[in-house]
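Only one structure is covered here, and it is reproduced in the block below.
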Amino acid sequence: MALHGAGGLPAGSLSVLQTVADQYDSAVLVPVSRSSTWDGIRTGYGVDVEVINRSLHRAFRAVAVDPGRVGIAGFSDGASYALGLGLANGDLFGHIIAFSPGFIPPAGRVGQPRILISHGVTDPVLPIGRTSRRIVPALEQDAYDVTYLEFNGGHTIPPDIALRAAAWLGWKGLSTG
């Protein structure tokens with residue numbers, strides 16, 4: 001599952017992920033938040049979680065899903081939301097990918113999902129020093145397996161970072177270059 005950033009739509013900021021998934025015959029569920037951003041970012045988990053649950057149920061009925069390969073990813077606010085939902089549902093989401101997260105919305109934690117976080121060192125929207133460089137050590141202190149990728153760039157998902165994330169997931173045939 002891939003979650004868009006604030007004010008975004010799946011076709012925009014996460015299109016690079018769909019391109020990679022298409023190359024390797026993998027499915028990506030891309031729900032849309034009910035408001036300008038995900039509910040857990042502003043007011044707490046609610047209607048967006050309900051929509052995501054319904055979407056997951058439909059996807060699991062329509063596509064053969066390997067339960068050991070279910071993950072959640074997001075960009076910007078979607079990355080923050082992915083961290084919050086992924087940590088709260090680590091028994092479902094064994095992998096969390098957060099591209100340029102701002103924070104982790106509060107929620108209980110279940111399981112020990114693997115986590116990949118990437119962030120541009122010149123990000124003007126969510127500066128790395130106030131975000132990922134704080135989030136990663138906190139997760140590591142809580143004994144999570146975290147892979148952290150900093151890159152030269154801003155608030156984006158560079159194609160090479162998307163490919164490295166796919167390789168980290170174990171999609172066959174991918175090279176991390």
Side-chain angles (χ1 to χ4, degrees), residues 1-5 8 10-31 52 55-56 59-60 62-102 104 109-123 125-126 128 131-177:
M1 176 181 329
L3 307 176
H4 62 80
S13 61
L14 296 171
S15 62
V16 67
L17 298 179
Q18 187 64 55
T19 300
V20 172
D22 288 346
Q23 291 173 1
Y24 297 95
D25 197 29
S26 294
V28 178
L29 178 64
V30 283
I52 286 170
S55 298
L56 283 168
F60 290 163
V63 177
V65 176
D66 177 350
R69 298 183 55 139
V70 176
I72 186 167
F75 172 69
S76 191
D77 273 7
S80 296
Y81 203 62
L83 283 167
L85 282 181
L87 292 169
N89 297 280
D91 52 343
L92 171 63
F93 300 114
H95 307 85
I96 303 169
I97 299 176
F99 298 104
S100 305
I104 302 174
R109 294 185 179 183
V110 174
Q112 284 294 121
R114 294 173 55 228
I115 303 166
L116 182 141
I117 295 176
S118 74
H119 214 117
V121 296
T122 59
D123 187 335
V125 177
L126 294 170
I128 195 169
T131 57
S132 290
R133 288 185 181 161
R134 292 183 181 178
I135 293 168
V136 170
L139 290 168
E140 290 173 336
Q141 185 174 357
D142 289 341
Y144 287 98
D145 176 4
V146 181
T147 298
Y148 182 48
L149 306 173
E150 287 189 4
F151 60 89
N152 290 324
H155 198 64
T156 187
I157 306 171
D160 65 308
I161 294 294
L163 284 170
R164 289 177 70 183
W168 175 83
L169 282 172
W171 287 356
K172 293 180 174 32
L174 294 174
S175 168
T176 58

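Quick caveat, the model's predicted, so the values are computed rather than measured.
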Checklist entry - After noting the C-alpha distance and the side-chain angles of Ile115 and Leu87, does the key distance pass the side-chain contact (heavy atoms from CB on, under 4.5 Å) rule? => result CA-CA 9 Å; Ile115 303 166; Leu87 292 169; 3.9 Å; yes

Item to check | salt bridge (charged side-chain N to carboxylate O under 4.0 Å, His left out) partners for Asp91, two or more places apart | outcome: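 If we apply the salt bridge (charged side-chain N to carboxylate O under 4.0 Å, His left out) test to Asp91, skipping adjacent residues, there are no hits.
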
Checklist entry - Can you list the residues that meet the salt bridge (charged side-chain N to carboxylate O under 4.0 Å, His left out) rule with Arg133, with sequence neighbours excluded? => result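 Checked Arg133 against salt bridge (charged side-chain N to carboxylate O under 4.0 Å, His left out); matches are Glu150.
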
Nearest heavy atoms of [X] and [Y], plus distance in Å:
{"X": "Ala2", "Y": "Pro31", "answer": "O-CD, 3.7 Å"}
{"X": "Gly102", "Y": "Ser80", "answer": "N-OG, 2.9 Å"}
{"X": "Ala165", "Y": "Leu116", "answer": "CA-CD1, 4.2 Å"}
{"X": "Pro113", "Y": "Ile96", "answer": "CG-CD1, 3.7 Å"}
{"X": "Ser132", "Y": "Tyr148", "answer": "CB-OH, 3.6 Å"}

Checklist entry - What's the verdict on side-chain contact (heavy atoms from CB on, under 4.5 Å) for Asn89 and Ile72, showing C-alpha distance, side-chain angles and the deciding distance? => result CA-CA 10 Å; Asn89 297 280; Ile72 186 167; over 6 Å; no

Item to check | From His4 atom NE2 to Phe75 atom CZ, the distance as rounded to the nearest 0.5 Å | outcome: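 Those atoms lie 12.0 Å apart.
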
Checklist entry - Taking the side chain from Ser100 and the backbone from His119, do they hold a donor-acceptor pair closer than 3.5 Å? => result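 Answer holds: no.
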
Item to check | Test log, rule side-chain contact (heavy atoms from CB on, under 4.5 Å), inputs Arg164 and Phe151 | outcome: CA-CA 12 Å; Arg164 289 177 70 183; Phe151 60 89; over 6 Å; no

Checklist entry - side-chain hydrogen bond (donor to acceptor under 3.5 Å, both in side chains) with Ser118: which residues, sequence neighbours excluded? => result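 Counting only residues at least two positions away or on another chain, Ser118 forms no side-chain hydrogen bond (donor to acceptor under 3.5 Å, both in side chains).
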
Item to check | For Thr147, side-chain hydrogen bond (donor to acceptor under 3.5 Å, both in side chains) partners two or more places apart | outcome: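 Expected list: Trp168.
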
Item to check | Residues which pass side-chain contact (heavy atoms from CB on, under 4.5 Å) with Ala98, listed by chain and number, not counting sequence neighbours | outcome: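 side-chain contact (heavy atoms from CB on, under 4.5 Å) check on Ala98 returns Ala79, Leu83, Pro101, Ile117.
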
Next on the checklist: Run the side-chain contact (heavy atoms from CB on, under 4.5 Å) test against Ser76 and tell me which residues pass, sequence neighbours left out.
Outcome noted: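 With sequence neighbours excluded, Ser76 shows a side-chain contact (heavy atoms from CB on, under 4.5 Å) to Leu126, His155, given in chain and number order.
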
